[in-house]
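Positions are given from 1, in the same order as the sequence printed here.
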Amino acid sequence: QVKLRGYRIELGEIESILEGIEGVKQSVVQVREDDSGSKQLVGYVVSEEAMSRELLQEKLEEKLPEYMVPRVYVFMDSLPLTVNGKIDRNSLPAVDGESYERKTYVAPRTDTEEKLVSIWEDLLGIDRIGIHDNFFELGGDSIKAIQLLSRSKQAGIHYKVKDIFLHQSIGAISKNLHVEESIIEEQGILEGDVLLHPIQKDFFERNYKEANHYNQSVLLRLSKSVTEAGLEYACKVLMEHHDTLRLGYVYEGEEKYPRQYYGTFYKGIEVEKVTSVEAIEGLCERYQCDLDIFKGDLVRIVMINTGDEELENRLFIGIHHLGVDGVSWRILIEDLTNLLEHNQAGQSYNLPTKGTSYRQWVEKLNDLGASELE
């Protein structure tokens, strides 16, 4: 048993299915590193007649998930044996770079695959992605998987995040697409009460003395071509689209927890000027301390103009942890970047269509928790 890209894989299971393919006499599957250091499944095969890699993959894909199907094969006249007559895995030949290279590109065959290739190339910043290339080997991760899902949905291609982990290549994903599910989506600028998530309840139970300081922040470089008006526009659209950024809290009566609600509060961006980059850190700390979740003030955005000696300005964004986490940041920054770039180019830009809202998700979570207690 080996562990590869988060999955525990029984190599013997792959070998058993390989040897069940007509024409295959013996097989061994090993984990090997390619020239880039990426680990790959490699199949060593002894066959009665000439066989193609594509045929073996096709047969394996009928019975195994994508992550268990080798993409590299070495065809041999016989497998090396130990003095005891067992297969000598340590004596299996190394795989040359050309063999790894041959498996990396298979062109898209359908319109869906062409769309997915375009989305993958744009998201991962890689050219000439083939339909059998592995998403995670190309630099994908769980956060990029969420972005991939969103972009695919915009192109009318529907699948789930778990499909990316299960199938991992365009060829396999395209065989396992879903019919678009009809879900109730809350569109527009949301208002009204929102149930507290269990982790949010835990936060308030801890009764932190400086509850507003429990926040996360980023400091970004900002082109000096971005105007105050352009940034204000982009941030306003971002706040309206991502309703969780407008969450507010208020204690009513003797309630243990505050009421959580979608507010309309948006303070707008702050603009500061610094004479030296050394002054930026203290400025950011001051704005981090300035949040007030009980006034609907969950977010602070500051445009920091630098002196002429600096090539770029800075953009500080601080958000209370009740409304943001590590996954959210990459999505927010991508949305903000797209809004700024299109605005500067004089082009209109629509953020991805909203799906299930945070409010709906928490309601379903609470329903599930209650049902399991019954």
- prompt: Measuring from Leu238:CG to Tyr233:OH, what's the distance to the nearest 0.5 Å?
  reply: 11.0 Å
task: Under the side-chain contact (heavy atoms from CB on, under 4.5 Å) rule, collect the residues that match up with Leu81, sequence neighbours excluded.
output: Ile87
field: Distance in Å, Phe316 CZ paired with Ile304 CD1, rounded so as to fall on 0.5 Å steps
entry: 7.5 Å
- prompt: Around Lys267, counting heavy atoms of other residues, nucleotides and ligands shown, do more than 12 lie under 6.0 Å from its NZ?
  reply: yes
field: Mutual orientation of the aromatic rings belonging to Phe204 and Tyr251 [parallel < 30°, tilted 30-60°, perpendicular > 60°]
entry: perpendicular
- prompt: Which is it for Arg221 and Leu311 under the side-chain contact (heavy atoms from CB on, under 4.5 Å) test, yes or no, and what are the steps along the way?
  reply: CA-CA 9 Å; Arg221 294 184 178 274; Leu311 297 178; over 6 Å; no
- prompt: Hey, is NZ on Lys59 packed in by over 12 heavy atoms from elsewhere, all under 6.0 Å?
  reply: no
- prompt: Got a sec: does the CG of Asp290 have more than 12 other heavy atoms crowding it under 6.0 Å?
  reply: yes
field: Whether over 12 other heavy atoms sit under 6.0 Å from Glu62 CD
entry: yes
query: Around Lys25, counting heavy atoms of other residues, nucleotides and ligands shown, do more than 12 lie under 6.0 Å from its NZ?
result: no
- request: Would you please classify the geometry between the Tyr249 ring and the Phe294 ring as parallel, tilted or perpendicular, with 30° and 60° separating the classes?
  value: perpendicular
Minimum heavy-atom distance Phe75-Ser52, with the two atoms named: CZ-C, 4.2 Å
